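Below is one structure, written out as structure tokens; comments come after it.
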Amino acid sequence: MQPDQPILLLDTGVGGLSILEPVRALLPHAPIAYALDQAGFPYGQKPEAELAARVPALLGRLVEHVDARLAVIACNTASVIALEPVRTALAIPIVGTVPAIKPAAALSETRTIGVLGTESTVRQPYVDNLSREFAADCTVIRHGSHRLVALAEQKLRGQTAPASDYAAVLDGLFSQAGGENIDTIVLACTHFPLIEEELAAAAPRPVRFVHGGDGIARRVAHLTEGQPWPAETRPGTGIFISDGSDIEPLRAGLAEYGLTRLETL
Ligand code: DGL
């Protein structure tokens, strides 16, 4: 293991920054390669079979390109669909991002949890299994929203949206049977913690939001314990799997997360 071998994170866009932030806080000297699969965006609206093939192939290419020591699938959709094929295909440790239903169930007083993810994530059997295993005594209400992914992408490009846009998405949870009892919402898409403040402000009453970023950072720290790191924090690299669109509007947003070197693959 060489000190400059990076931790690789993959998402379709800016969502994985909600994982990168706690990883950087815990491992400030870790070299970072952050891949944005713009060409595959949005994973949340792709057929399962397509993702189960695309994600392992792309991660394999990226791991080789940057000589990663560990990879984080910083996307719930890709994790609940492709974690196993990725682990089968790659030899380095892989950390997935799965909906934080377990911590949400531990916190909910009303025993009613909302799960906000992409359309694809909320319909996966993986979510049924997590609910059965960790929230058997809770009512789990799900809502899938691509609109919320788009709002997070816009925010990182410096664009704002009215509170009513966020309220309309939350209504997809609260208006379901039993929705009036929700006290805890799982942000089961990595894009959503980036707009947690906007969601909280738009909610009709106070609710608790839960996501897995800190737990993933602890897992990464555990898996890399004892490994060598550079002596100082280095600029991180943003790697665009390009769909041909202009990357300039994201430059400032990515720089806030230490990603000041951008390249296109
Ligand atoms: N950030 C991804 C997730 O956590 C979803 C974004 C997309 O649909 O591409 O599910």
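Both ligands and their constituent atoms are indexed starting at 1 by order of listing. Not measured: the values here are computed from a predicted model.
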Q) Among T118, D11, N76, D37, whose side-chain hydrogen bond (donor to acceptor under 3.5 Å, both in side chains) with Y43 holds? A) D37
Q. Under 4.5 Å between side-chain heavy atoms, hopping through other hydrophobics if needed: is there a path connecting L265 to L36?
A. no
Q.
Does anything in residues 145-155 form a salt bridge (Lys or Arg N to Asp or Glu O under 4.0 Å)? List the pairs, not counting sequence neighbours.
A. R147-D165, E153-R157, K155-E198
Q: May I ask you to list the residues sharing a hydrophobic cluster with I141, side-chain cutoff 4.5 Å, ordered by chain and number?
A: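 Members besides I141, by chain and number: F41, L116, L148, V149, L151, Y166, V169, L170, L173, F174, I182, I185, L187, F192, I195, L199, V207, F209.
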Can you give the donor-acceptor pairs under 3.5 Å from side chains of residues 223-230 to other protein atoms, not counting sequence neighbours?
unit_1	atom_1	unit_2	atom_2	d
T224	OG1	V220	O	2.8
T224	OG1	A221	O	3.4
Q227	OE1	R69	NH1	3.0

Q) If you round to the nearest 0.5 Å, how far is CG of L83 from CZ of R87? A)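 If I round to the nearest 0.5 Å, the distance is 4.0 Å.
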Q. Listing by chain and number, which residues have a heavy atom under 4.0 Å from ligand 1?
A.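 For ligand 1, the residues that come within the 4.0 Å heavy-atom cutoff are D11, T12, F41, P42, Y43, G44, C75, N76, T77, T118, V149, C189, T190, H191.
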